[in-house]
Peer 1: 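The following block contains the structure, expressed as C-alpha cells.
The figures that follow rest on heavy atoms only: side chains count, while hydrogens, waters and symmetry mates do not. Chain letters run A, B, ... following the sequence lines, proteins first and then strands; every chain starts at 1.
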Number of protein chains: 2
Amino acid sequence: MIHMEPALPCAACPLRPLPDFKPVTPTELASIYDAKVGQRLCAAGATILAEGQVATRVYTLLKGWAFRFKTLEDGRRQILNFLLPGDLLGLQGELHAALPHGVEALTPVNLCAFGSDALPRFFSRHPSIALDITWLSAHEERLVDDVVLTVGRRTAMERVAALLVHLYKRAASAGLIETSGIQLPLTQMHIADALGLSVVHTNRVLQRLRKGGFIRLEDQRLSIGDLQAMRRVGRYWEEPAPRRPLL
Amino acid sequence: MIHMEPALPCAACPLRPLPDFKPVTPTELASIYDAKVGQRLCAAGATILAEGQVATRVYTLLKGWAFRFKTLEDGRRQILNFLLPGDLLGLQGELHAALPHGVEALTPVNLCAFGSDALPRFFSRHPSIALDITWLSAHEERLVDDVVLTVGRRTAMERVAALLVHLYKRAASAGLIETSGIQLPLTQMHIADALGLSVVHTNRVLQRLRKGGFIRLEDQRLSIGDLQAMRRVGRYWEEPAPRRPLL
DNA sequence: CGATTGGTTGAAAGTCGTCAACGGAGGTGG
DNA sequence: CCACCTCCGTTGACGACTTTCAACCAATCG
C-alpha cells in the first residue's frame, strides 16, 4: 500500500525538537524542504524497497520501524539492521542501480521522500548538508560493524541481550520511550534473523532472560529492569553518540 | 614503525591507470594532491589505527593489505573487512573521536595521508570529490552488509568459499593477479576471525576445499580452479561493480 | 469455523568449538 | 652451526551450543 501525501513542512517536523538531533540553520531547513518531494506511507509488513529493485529516491524515516535485509537464494534471510525515525534509507545502494538489500516495514511507516536529484544538489550547493548525509552513512556503517561483531563472536545469549539493549536505547533516543518500557514491534523471527539464530533457539534464550528477571517482554512491549546487568550479559557497551543530523 | 615520506604526486599514482578506477579531471587531481600531507609506511602486522584511538587523519591505502577489526574485552576478535589498494580508511569513525575499530596491516603497507581539514575542504570546494568520498563510504557499507549475511546465515563451508572468491576478485581488481593465482597474505587465524569461526574448524574446511580440488592454497598463494564452482559452494554471487573513484 | 501466524516445548542430530599434542619453518643467540 | 622458541598449520577426541523436526496452543482473521 503506497500513498503519496502532501509534504509536511520540515519546519514542523516532530523529530527535530528531540534532544538527539542536531539543530539546523533556517537556510538548511529551507533547502531540505525544497528537496522534499512528498511523503509515503507503508503498512506494517510491507516491502518499502525490494531487494534488487532500482531505486530512484532517497527517504528519511519519519515515523515507525523498519529493517534492512538480504536473503540467500534458498530463502535464508539475514536482517542487517533496524531503522528508526531519523534514519536515512536508500543511500547504501547507488541510485539507479539494483539495491543490494531489501527494506521492510515493521509498523505502519511514514517516509519523507527526496528526488534523485536531491543528493547531487545538496553536494553542489549545500556542503553542510552533504557532510551530514555522509555522517549518517558512516554512522550506519558503524552500526553494521557492531552487528558483525555480534553475529560473529557473541554467543546466542550475548547476542539477544546486546540487541535488546541496543534497540531499547535507540527507541529511547527516538523519543519512543513510554512508561515502563518501549514498544518492540518485532516477532521472534525478526530477532532470530537479525542475530543469525534459529527461531526456536531465540525463543529459549528469551525464556532464560525472562526467567532470570532481566527483561519483561510480552505482547510487543519490552522493559529492561537493570540496563547495566543486561549490558554485562551481552558484553555490550556502546560509545556515547553525539547529536545526529536529520535530513 | 612509522615513517613519513615525501608525497608521491597523485598524477603519478600507480593505481589510477587500473581499469577499475574512475578517471579524474586534472582539476580534481590537483585538489587531491593539494590535500595530501604525506605518505606513511607500516610494517606487516603493525597497528595502523588502534581501537579507541582518536584519529586526526584520513588515509588511502596505496599499497598492501590491511583489515579492520573489533574486539570484545575478553579478547574475542572479529575482522570486519579487508582493505586493499584504493580503499579509504579512517572515515568510518568521526574525526577527533575514538575510533570504534582498529586497523592492522597484513603486509607492508603504504598509505597516502590527508589532514583532518581535507574533508570539509573537499565538501565545500569540490563537490564531485565529496560525492566520491560518500560513494566509497557507501560502498564499504555494502561490503560489510555482505559480511553480515555471510557470518549470520552461511555455513562454515559456504563462508570460507565465499570469502576466498571475494578476496580473489578484489585482488584481481586491484591489479594483484599473478600467474596462477594471487598472493593471499592471511593466516588461517585471520580467515577464522573474519568468518566467526574457530581456527581449527577453518583449517578443516580448508582441507575439504583442497581435497575437493576447488582451491590450491599453500605458502600464502591462492588459486581457484573453477570460479563458478566455488561460487556455487559459497552461494556467492556479487553484483558487477562500476568503476570506483580513487581519492 | 478452518486456516494462518506467532509462541512454546521436547527430543534427536549435527555442526562447530575446545583441549591437546605434534611437526615444520623461521628467527635469535650462544 | 646448533639449541631453543615462537608462529602457523594440522589432526584426533570430546563436548556442547544450536539446529532441525515435530507437535501443540492461543489468538487473530476472513
Side-chain angles (χ1 to χ4, degrees), chain A residues 43-46 67 72 74-79 104-107 150-164 183-211 215-222 233-235, chain B residues 43-46 72 74-79 104-107 150-161 163-164 183-211 215-222 233-235:
Chain A
F67 63 90
L72 254 17
D74 65 0
R76 281 175 282 176
R77 180 177 75 168
Q78 177 66 41
I79 292 181
E104 194 176 310
L106 283 165
T107 65
T150 292
V151 173
R153 287 305 184 201
R154 277 189 243 252
T155 65
M157 174 63 74
E158 291 167 347
R159 293 183 210 188
V160 173
L163 177 65
L164 293 183
Q183 196 77 17
L184 191 77
L186 311 180
T187 66
Q188 297 187 351
M189 195 189 71
H190 290 121
I191 299 177
D193 283 350
L195 298 176
L197 298 171
S198 69
V199 190
V200 173
H201 200 244
T202 301
N203 179 291
R204 289 192 233 271
V205 172
L206 246 15
Q207 302 289 351
R208 283 209 275 154
L209 283 172
R210 281 198 265 248
K211 282 166 189 160
I215 59 170
R216 278 198 317 137
L217 174 57
E218 40 183 313
D219 198 36
Q220 313 246 93
R221 297 199 47 77
L222 165 70
V233 172
R235 273 120 232 261
Chain B
L72 254 17
D74 65 0
R76 280 175 282 176
R77 179 176 75 167
Q78 176 65 41
I79 291 180
E104 194 176 310
L106 283 164
T107 65
T150 292
V151 173
R153 288 304 186 201
R154 276 188 244 252
T155 66
M157 174 63 75
E158 291 167 347
R159 294 184 209 188
V160 174
L163 177 65
L164 293 182
Q183 195 78 18
L184 191 77
L186 311 181
T187 66
Q188 297 188 352
M189 195 189 70
H190 290 121
I191 300 177
D193 282 349
L195 298 177
L197 298 171
S198 70
V199 192
V200 174
H201 199 244
T202 301
N203 180 290
R204 288 194 233 270
V205 172
L206 247 13
Q207 301 290 351
R208 282 209 276 154
L209 282 173
R210 281 197 265 248
K211 283 166 188 160
I215 59 170
R216 278 199 317 138
L217 173 58
E218 41 183 311
D219 199 35
Q220 312 246 96
R221 297 199 47 76
L222 165 70
V233 172
R235 271 121 235 258

Peer 1: Taking A:R153 for its side chain and B:Q78 for its backbone only, find out whether a donor-acceptor pair lies under 3.5 Å.
Peer 2: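 Checked: no pair found.
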
Peer 1: Starting from P on D:dT18, measure out to CZ on A:R153 and report it in whole angstrom.
Peer 2: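 Rounded to whole Å, this separation is 13 Å.
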
Peer 1: Look at A:R210 and C:dT8 and indicate whether a side-chain polar atom (N or O) is within less than 4.0 Å of OP1 or OP2.
Peer 2: yes

Peer 1: Atom CE in B:M189, atom CZ in B:R77: separation rounded to 0.5 Å?
Peer 2: 4.0 Å

Peer 1: Find which nucleotide of DNA chain D each of B:R204 and B:M189 is nearest to by heavy atoms, and output the residue with the more 5' nucleotide.
Peer 2: B:M189

Peer 1: What integer distance in Å separates A:H201:NE2 from C:dT15:C1'?
Peer 2: 13 Å

Peer 1: By the 4.0 Å heavy-atom rule, please label A:G196 as base, sugar-phosphate, or nothing.
Peer 2: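 The answer is sugar-phosphate, as A:G196 gets under 4.0 Å only of primed atoms, P, OP1 or OP2.
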
Peer 1: Could you give the CZ-to-P distance, from A:R76 to D:dT20, as a whole number of Å?
Peer 2: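 One finds 9 Å between P of D:dT20 and CZ of A:R76, rounded.
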
Peer 1: Roughly how many Å is it from CG in A:L197 to C1' in C:dG14, rounded to a whole number?
Peer 2: 16 Å

Peer 1: Regarding A:V199, tell me which of base, sugar-phosphate or nothing describes its non-hydrogen contacts under 4.0 Å with the strands shown.
Peer 2: nothing

Peer 1: Taking the side chain of B:V200 as its heavy atoms from C-beta onward, which of D:dT11, D:dG9, C:dG7 lies nearest to it?
Peer 2: D:dT11

Peer 1: Can you check the B:M157 CE to C:dC16 P distance for me, whole Å?
Peer 2: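 Rounded to the whole Å, the gap is 9 Å.
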
Peer 1: B:Q207 has an atom CD; how far is it from atom P of D:dG12, in whole Å?
Peer 2: 10 Å

Peer 1: So, A:R221 and A:D219, do they make that salt bridge, N to O below 4.0 Å?
Peer 2: no

Peer 1: Atom CD of B:Q220 and atom OG1 of B:T187: how far apart are they, to the nearest 0.5 Å?
Peer 2: 8.0 Å

Peer 1: At under 4.0 Å, does any side-chain N or O of A:N203 touch on OP1 or OP2 of C:dT8?
Peer 2: yes

Peer 1: Just the rounded figure in Å: distance from C1' of C:dG17 to CD1 of B:I191.
Peer 2: 18 Å

Peer 1: NA contact type, B:S198, heavy-atom cut-off 4.0 Å: base, sugar-phosphate, or nothing?
Peer 2: base

Peer 1: At under 4.0 Å, does any side-chain N or O of A:Q188 touch on OP1 or OP2 of C:dT8?
Peer 2: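 So the side-chain polar atoms of A:Q188 do come within 4.0 Å of the phosphate oxygens OP1 or OP2 of C:dT8, strictly under.
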
Peer 1: Can you tell me how far the CG atom of B:L163 sits from the CD1 atom of B:I79, to the nearest 0.5 Å?
Peer 2: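 Here the rounded value is 9.0 Å.
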
Peer 1: Between atom CD in A:Q220 and atom P in C:dT5, what is the gap in whole Å?
Peer 2: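 The answer, rounded to whole Å, is 16 Å.
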
